[in-house]
There are 2 protein chains.
Amino acid sequence: MKNNSILRNISKHINLDKAEEESFLSLLISKSLKKKKFLLQSGDVCTHSAFVTAGCLRAYTIDENGFEHILQFAPPDWWIADMYSLITQKPGNLFIEAMEESDVLLLSKDDQEKLYHDIPKFERFFRIITENSLVANRQRVIDSLSLNAKQRYEKFCSIYPAVFNAIPQKHIASYIGVTPEFLSKLKAGGGEQN
Amino acid sequence: MKNNSILRNISKHINLDKAEEESFLSLLISKSLKKKKFLLQSGDVCTHSAFVTAGCLRAYTIDENGFEHILQFAPPDWWIADMYSLITQKPGNLFIEAMEESDVLLLSKDDQEKLYHDIPKFERFFRIITENSLVANRQRVIDSLSLNAKQRYEKFCSIYPAVFNAIPQKHIASYIGVTPEFLSKLKAGGGEQN
DNA sequence: ACTTTTTCTTAATCTAGATTATTTGTCTGC
DNA sequence: GCAGACAAATAATCTAGATTAAGAAAAAGT
């Protein structure tokens, strides 16, 4: 059953005893999302962190010209939330949408805070996954500054082969910061040097 | 004295008693850096987090064509480290350099881990500042995807007015991802629309 | 099965920003 | 106070990637 996956995820960084596992699982709210349904929309206040157990979600903004820009993909075993809104409890700018039929486990901000207090190991767990997420985001900033479109595309494919095979390529274009037309050209053999 | 600033920084998120403060301060190593001196270089393993008490540092990479790309500025009251290298204890790709004569307080990774264990409040403290840093980095990714050069420049100036006034503008160019020449053109009134 | 919608490709044109080069202004150390 | 290095401005040219448009292919709904 799906609760195994979240316990396995957590056990990568902390060890829980049976009672703690039960106590943690009792806080989770299971939710299914049909394709194109939203977990969160721009203007909403984010009240829960989500752990993906099936399917795939994406977090994106829409700019002033109506273009989407994908900040994050969340395949199974990933956490996703609008961190800005979750922390500040102010309305955010992110849409979080199911790219296909998906299942998530939700943990409310309040319960998360209680967890930090009741089982301090969870503070460690979330510190560690936040650190890892920060490292990945910093690397993405560096890549956006120092790699060209082709290099960013190749890096994306090599780092996220599973995601790459499961989603429309226009979403990859949106993630790496090019138009779908240009990505198509790249794949056809554009940017031949290199 | 400079230790006040780090205690004030910490007290924004957790409360320490006198003994805890003393215990924490005893772990810190004070270090001064002359202009253009490195706290860390590409290829080094990052062993310490640094808290800036005076001056200003910057973290940057050098790409395959020899161009610098600034990931972070660290004026007084900011923490700086190569998070990737600090976490993995593998050689990193960042240079961390003093932009002017600067003073930092260093906390070793080992001591930081001990602190998590001995005074769990520190785990909370670093979780919170890591979360804040993640939010800022995610916003920077979004901005790089959805804003043009002029908008990124204006946003930088409004968010970091203190840094903006204290550093050569070629470093701002490097941070926002344009050439110094183009930034100069922008300031002179290029990109007139908008 | 077939109709609608979504995704991908190709190609021509256009532009934001890069590159290269030169000049001028500003520090900094001595 | 001056020499040499460093930073900024200006301008001409170039290019990676955007835009626009249209058709082909694939997916999905009924």
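In this text the structure is predicted, and so the values were computed from the model without any measurement. In the text below, chain A, chain B and the rest are named by the order of the sequence lines, each starting its count at 1. Side-chain atoms are counted along with the backbone in the values below, which use heavy atoms only and exclude waters and symmetry mates.
- Between the side chain of B:Asp82 and the main chain of B:Tyr84, a donor-acceptor pair closer than 3.5 Å is present.
- Between the CD1 atom of A:Ile167 and the P atom of C:dT6 there is a distance of 18 Å, rounded to whole Å.
- Each of B:Phe182 and B:Lys36 was assigned the nucleotide of DNA chain D with the nearest heavy atom; the assignment lying further toward the 5' end belongs to B:Lys36.
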Problem set entry | Candidate pair B:Gln89 and B:Lys109, rule side-chain hydrogen bond (donor to acceptor under 3.5 Å, both in side chains), full reasoning | CA-CA 9 Å; B:Gln89 288 295 289; B:Lys109 181 183 164 83; over 6 Å; no
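- Put simply, CD1 on B:Ile172 is 12 Å from C1' on D:dA8, counting in whole angstrom units.
- Closest contact between the side chain of B:Ala188 and the listed nucleotides D:dT10, C:dT7, D:dA18 involves D:dT10.
- Atom P of nucleotide C:dA18 and atom NZ of B:Lys185 are separated by 9 Å, given to the nearest angstrom.
- Whole-Å rounding puts the B:Leu186 CG to C:dA18 P distance at 9 Å.
- Between A:Phe51 and the options A:Phe126, A:Trp79, A:Phe125, a ring pair (Phe, Tyr, Trp, His ring centres under 6.0 Å) holds for only A:Trp79.
- Atom CD of A:Gln151 and atom C1' of D:dG17 are 14 Å apart (whole Å).
- Taking the centre of each ring, B:Phe73 and B:Tyr160 stay at or above the 6.0 Å mark.
- Between B:Lys170 and the phosphate of D:dC6, there is no side-chain N or O to OP1/OP2 separation shorter than 4.0 Å.
- Rounded to whole Å, atom P of C:dT7 lies 13 Å from atom CD of A:Glu100.
- Of the charged side-chain nitrogens involved, none lies within less than 4.0 Å of a carboxylate oxygen, so that A:Glu101 and A:Lys35 do not count as a salt-bridged pair.
- Ranked by how close their nearest DNA chain C nucleotide is to the 5' end, B:Lys35 and A:Pro180 are led by A:Pro180.
- Spacing between atom CG of B:Asn148 and atom C1' of C:dG17 amounts to 10 Å, rounded to whole angstrom units.
- Considering only side-chain atoms of B:Phe67, the nucleotide from C:dT19, C:dT9, D:dA18 that sits closest is C:dT19.
- Between the P atom of C:dT7 and the CZ atom of A:Phe164 lies a distance of 17 Å, rounded to the nearest Å.
- Across all strands shown, B:Glu181 has heavy atoms under 4.0 Å from base atoms, whether or not it also approaches the sugar-phosphate.
- Put simply, B:Thr179 has a side-chain N or O that comes within less than 4.0 Å of OP1 or OP2 on C:dA18.
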